[in-house]
Q: 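Once you've had a glance at the structure underneath, I'll fire off some questions.
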Amino acid sequence: MRRVLLVALLLLAGIAAQAQQPDKTRLLLIMDCSNSMWDHWQSNAKIKVTQQVLLSFLDSVSRQHDVDVALRVFGHLNKEQFGTRLEVPFGSDNIYRLQSKIKTLVPQGGCTAAAALTDALSDFPATGSSRNLILIITDGMDDCEAEICDVARQVQLSGVVVQTFVLCIGGNISAHASCAGSVFPVAHEEEFAKTLYDIFRLSGHKAKVVLNMVDGGGELYETEHPVAFYDHGTGVIRQSTIYSVDGKLKPDTLLLDPLVTYDMSVFTHPPLRREAMQFSIDRVNTVDITVSEGTMKVAYSGQRPQWQQTAVDVIVRRAGSGERVAAQEMGETGQYLAGRYDVEVQTLPVTTLRGVEVRGGAATELSVPMPGMLVISKPKGITTGAIFRLRTFNEFTPSGRALDGQVEFVTDLNPSTAGERLLLQPGQYELVLHPQNATKYDKVQTKRFVIESSQTTKIQF
């Protein structure tokens, strides 16, 4: 073990000096001193092995002038107190203090990793340009508070810490450990120093990532789309960009943290998703994505009316699910992944086109009838009212039920105006008017009327 430790630390000294980083790297060690750290692990107790590795690690770090280390411990205060404390704060000349404290640590408490991680944010100095890292060294978090997942998410959202790592002694990975940060299991003593070195080495490098987006025919995809990368464990956004290609039709290269496991969303309509991706610093990582898209346009059919048309929204949903995909305006062309969609045109009443198919590389043209104009002249005094559409014999619900003889509520009338102008889709309607001071149903007035495309219909009470 001593020989493996020496080789790893010599490599650490050479590579860490070459890493490109901000002015300083600040590494906060959070050390588990719960009772289980007394458990025997191969050659010695877990706490003894951990102390040996960390003491040698700090010897190597002491030669790196751009690296600061601090130590927070939990489970060591006393048997009854499940507390945590910053034992050695960040400082340029604190290696001796760190080593002295690590030598004297005695496990005797319970697991309070969530509290330690919560308090860790205040351990980092607010001054200077630094890359802030947290490394939790533990033998498992099965007995920790469940809120460790929520705490880890808040740590990432704070923007103070670049990344949190969990080094699990004995290889015991629990669900709590997995959501606390990037997990590195250590099943054998010989792996301890190397794993610690790997974390520190990779933390100073970036992985090169190329998004290789092609269309349904295998040709390079040239349309720009927003892309977001999330931490797979916490769900927190880590980086966002716009997919693009250069003048030579070569995809751009992203630089991402190799220690993070990523989920990725490409914001097509609907978004494309990739999960649990890891990237290496030893090669250019390629993410292959096939984007089969077509276009969709909704326009009015029929003769243009004399009056000015108002903007009409078009809502596009996944067919059958109701999940909203995108919105566009009438007459506008939108891009969508190949598939089926339900299209809601926000006419009055709403026009729904179900099961519309979009094919890759093809244009889908949809039309709805040009509306007609309804002009209402009301009697004097405040009146309330509503408009209903009369269903016809050839209209059906999505389940196939005939709607003949039924009505569809369209809109309320404005009680404070003497006249109204409404654009309605062609069809048969009924208008119901109720004077405000009327107390009997026989005062309610109704009129049926027909709306035709591009024509004006007038109603006067």
Q: Is it true that R72 and E87 have a side-chain N and a carboxylate O under 4.0 angstrom from each other?
A: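 Salt bridge absent between R72 and E87.
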
Q: With side chain to side chain contact (heavy atoms under 4.5 Å, CB included) as the test, pick out the partner of L28 among L86, T164, D68.
A: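 It is L86, the one option of L86, T164, D68 that forms the side chain to side chain contact (heavy atoms under 4.5 Å, CB included) with L28.
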
Q: Quick check: are there more than 12 heavy atoms from other residues, nucleotides or ligands sitting under 6.0 Å from CZ of R304?
A: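 Result for CZ/R304: open.
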
Q: Nearest 0.5 Å, please: how far is SG in C33 from CG in N35?
A: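 It is 10.0 Å, given to the nearest 0.5 Å.
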
Q: To the nearest 0.5 Å, how far apart are CZ in F124 and CG in N132?
A: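 Nearest 0.5 Å value for the CZ-CG distance: 4.5 Å.
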
Q: Is it true that a side-chain atom of N285 and a backbone atom of S280 form a donor plus acceptor pair closer than 3.5 Å?
A: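 Here the side-chain-to-backbone pair exists.
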
Q: How close do V312 and Y300 get, heavy atom to heavy atom, and via which atoms?
A: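 Smallest interatomic distance, heavy atoms only, reads CG2-OH, 3.4 Å.
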
Q: Check whether any side-chain N or O of D342 sits under 3.5 Å from a backbone N or O of G320 as a donor-acceptor pair, and report yes or no.
A: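 Flag set: sc D342 to bb G320 pair under 3.5 Å.
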
Q: Over all heavy atoms of both residues, which pair between L256 and F279 is shortest? Give the atoms and the distance, please.
A: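 Closest approach of L256 to F279, heavy atoms only: CD1-CE1, 3.7 Å.
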
Q: CD1/I169 to CG/D32 distance, rounded to the nearest 0.5 angstrom?
A: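 Going from CD1 on I169 over to CG on D32, the span is 7.5 Å.
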
Q: For a 4.5 angstrom cut-off between non-hydrogen side-chain atoms, does R391 reach R389?
A: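 A side-chain contact exists here, since the closest heavy-atom pair is under 4.5 Å.
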
Q: Would you say the side-chain atoms of Q163 and R238 include a donor-acceptor pair closer than 3.5 Å?
A: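 On atom types as modelled, these side chains qualify, holding a pair under 3.5 Å.
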
Q: Check this for me: does any side-chain nitrogen of one of R273 and D263 sit under 4.0 Å from a carboxylate oxygen of the other?
A: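 Salt bridge between R273 and D263, a charged N being under 4.0 Å from a carboxylate O: yes.
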
Q: Does Y221 reach the side chain of V266, with side-chain heavy atoms less than 4.5 Å apart?
A: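 The answer is no; the side chains never approach within 4.5 Å.
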
Q: Minimum heavy-atom separation for E190 and Q42, please, with both atom names.
A: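 Reported closest heavy-atom pair: OE1-OE1, 4.0 Å.
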
Q: Nearest 0.5 Å, what's the CG-CG distance between L54 and L71?
A: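 It comes to 8.0 Å.
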
Q: Any chance the rings of H225 and Y243 have centres within less than 6.0 Å?
A: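 Centroid distance H225-Y243: not below 6.0 Å, so no.
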
Q: Treating S122 as the side-chain partner and D119 as the backbone partner, does any N or O pair qualify as donor plus acceptor under 3.5 Å?
A: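 Present.
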
Q: So do Y96 and L98 actually touch side chain to side chain, heavy atoms under 4.5 Å?
A: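 No, side chains not in contact.
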
Q: Between Q425 and P349, what is the shortest heavy-atom contact and its length?
A: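 Nearest pair, atom of Q425 first, then P349: CG-O, 4.0 Å.
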
Q: For E189, is there any backbone N or O sitting under 3.5 Å from a side-chain donor or acceptor partner on W41?
A: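 No: the side chain of W41 does not pair with the backbone of E189.
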
Q: Quick one, K208 and L255 - any side-chain contact, counting heavy atoms below 4.5 Å?
A: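 Yes - at least one pair of side-chain heavy atoms lies under 4.5 Å apart.
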
Q: With rounding to the nearest 0.5 angstrom, report the CD to OG distance, E224 to S244.
A: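 Reported value, rounded in 0.5 Å steps: 5.5 Å.
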
Q: For a 4.5 angstrom cut-off between non-hydrogen side-chain atoms, does P125 reach R26?
A: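 In contact.
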
Q: Within the 3.5 Å criterion, strictly below it, is a donor on Q335 or H269 matched to an acceptor on the partner's side chain?
A: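 Not at all, the side chains of Q335 and H269 share no donor-acceptor pair under 3.5 Å.
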
Q: Return yes when atom NZ of K206 has more than 12 non-hydrogen atoms of other residues, nucleotides or ligands closer than 6.0 Å, and no otherwise.
A: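 Atom NZ in K206 is crowded, with more than 12 foreign heavy atoms closer than 6.0 Å.
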
Q: Looking only at atom types and distance, does a side-chain atom of S56 sit under 3.5 Å from a main-chain N or O of V53, one as donor and one as acceptor?
A: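 The answer is no, because no donor-acceptor pair under 3.5 Å joins these two groups.
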
Q: Any chance you could lay out the side-chain contact (heavy atoms from CB on, under 4.5 Å) test for Y262 and D231, step after step, and finish with the verdict?
A: CA-CA 5 Å; Y262 290 99; D231 188 300; over 6 Å; no

Q: Report yes if some heavy atom in the side chain of Y336 is under 4.5 Å from a heavy atom in the side chain of T364; otherwise report no.
A: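 They are not in contact (no side-chain heavy atoms under 4.5 Å apart), so the answer is no.
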
Q: Between R274 and D288 (salt bridge meaning N to carboxylate O under 4.0 Å), is one present in this structure?
A: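 D288 and R274: not salt-bridged.
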
Q: Are the side chains of I30 and I134 in touch, meaning some heavy atoms are under 4.5 Å apart?
A: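 They are in contact (side-chain heavy atoms under 4.5 Å apart), so the answer is yes.
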
Q: Side-chain contact, heavy-atom cut-off 4.5 Å: T84 with V73?
A: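 T84 vs V73: side chains apart.
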
Q: Would you say CD of Q303 has more than 12 non-hydrogen atoms from neighbouring residues, nucleotides or ligands within 6.0 angstrom?
A: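 No, CD of Q303 has 12 or fewer neighbouring heavy atoms, counting only those of other groups under 6.0 Å.
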
Q: Quick check for you: to the nearest 0.5 Å, what is the distance between I47 atom CD1 and Q52 atom CD?
A: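 With rounding to 0.5 Å, CD1 (I47) is 12.0 Å from CD (Q52).
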
Q: Is any NZ, NE, NH1 or NH2 atom of the basic residue among R340 and E357 found under 4.0 Å from an Asp or Glu carboxylate oxygen of the other?
A: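 Judged by the 4.0 Å cut-off on N to carboxylate O distance, R340 and E357 do form a salt bridge.
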
Q: Kindly give the heavy-atom pair with the smallest separation between F74 and A116, and that separation in Å.
A: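 The answer is CD2-CB, 3.9 Å.
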
Q: Would E293 and T268 satisfy side-chain hydrogen bond (donor to acceptor under 3.5 Å, both in side chains), going step by step from the backbone distance to the final call?
A: CA-CA 9 Å; E293 281 186 323; T268 51; 5.1 Å; no

Q: When you compare the side chains of Q278 and H232, does any donor N or O come within less than 3.5 Å of an acceptor on the partner?
A: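 The criterion, which ignores hydrogens and geometry beyond distance, is not satisfied for H232 and Q278.
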
Q: Does a donor on one side chain and an acceptor on the other come within less than 3.5 Å for Q239 and Y230?
A: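 No, no side-chain donor-acceptor pair sits under 3.5 Å.
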
Q: Are R324 and R317 close enough, and set up right, to give a side-chain contact (heavy atoms from CB on, under 4.5 Å), and what steps lead you there?
A: CA-CA 4 Å; R324 179 169 170 153; R317 304 182 187 276; 3.7 Å; yes

Q: Would V209 and M277 count as a side-chain contact (heavy atoms from CB on, under 4.5 Å) if you check the C-alpha gap in whole Å, the side-chain angles of each, and the deciding distance to 0.1 Å?
A: CA-CA 11 Å; V209 180; M277 298 185 299; over 6 Å; no

Q: Looking at D313, is its backbone amide N or carbonyl O close enough to the side chain of Q346 to form a donor-acceptor pair, meaning the two atoms are under 3.5 Å apart?
A: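 The answer is no, because no donor-acceptor pair under 3.5 Å joins these two groups.
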
Q: Write down the atom of I102, the atom of Q51, and the distance for their closest heavy-atom approach.
A: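 Residues I102 and Q51, closest heavy atoms: O-NE2, 2.8 Å.
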
Q: Would you sort out whether L167 and I136 count as a side-chain contact (heavy atoms from CB on, under 4.5 Å), showing the intermediate values?
A: CA-CA 6 Å; L167 196 154; I136 302 173; over 6 Å; no

Q: Would you say the side chains of S36 and D139 form a donor-acceptor pair under 3.5 Å?
A: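 Yes - a donor-acceptor pair under 3.5 Å links their side chains.
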
Q: Indicate yes or no for a side-chain donor-acceptor contact from S158 to the backbone of V155 under 3.5 Å, with no hydrogens or angles considered.
A: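 Yes; judged by distance alone, with no hydrogens or angles, the pair exists.
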
